[in-house]
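Whatever order the structure lists ligands and atoms in, that order sets their numbers, starting from 1.
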Amino acid sequence: MRLILNESTNTVHRARHDTGDQVADCGALRHVTHREVHPLEEADLESESADERAINRCGRCFDGYGGY
Ligand SMILES: [Zn+2]
């Protein structure tokens with residue numbers, strides 16, 4: 001699964017499949033500059049460094065995370 005990290009909010013989203021752009025499945029990154037978003041592998045999210053960086057999962061892209 002391709003993921004994308006928004007560095008300005010430290011939140012990871014699922015990458016949308018139908019475009020080459022780094023746009024989140026939920027559409028959240030549409031207005032974020034490419035400089036602030038980075039591709040991420042799911043394995044990276046499970047790593048210890050991800051824990052240390054306290055990366056959040058988008059509640060709309062990941063069931064069971066985040067919320068309102
Ligand atoms: Zn999202």
Closer than 2.8 Å to the Zn ion (ligand 1) - protein N, O or S atoms, ordered by chain and residue number: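 Per the 2.8 Å query on the Zn ion (ligand 1), atoms found are His13 ND1, Cys26 SG, Cys58 SG, Cys61 SG.
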Validation row: [X], [Y] side chains within 4.5 angstrom (heavy atoms):
X     : Y     : result
Leu3  : Leu45 : yes
Pro39 : Arg2  : no
Glu7  : His38 : yes

Side chain Thr11, main chain Thr9, donor-acceptor under 3.5 Å: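 Yes: the side chain of Thr11 pairs with the backbone of Thr9.
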Any pair with a residue in residues 38-47 that passes salt bridge (charged side-chain N to carboxylate O under 4.0 Å, His left out), sequence neighbours left out, goes on the list, sorted by first then second residue, please.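 The answer is Glu46-Arg57.
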Ile55 side, atom CD1; Asn6 side, atom CG - distance, nearest 0.5 Å: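 Spacing of CD1 (Ile55) from CG (Asn6) equals 11.0 Å.
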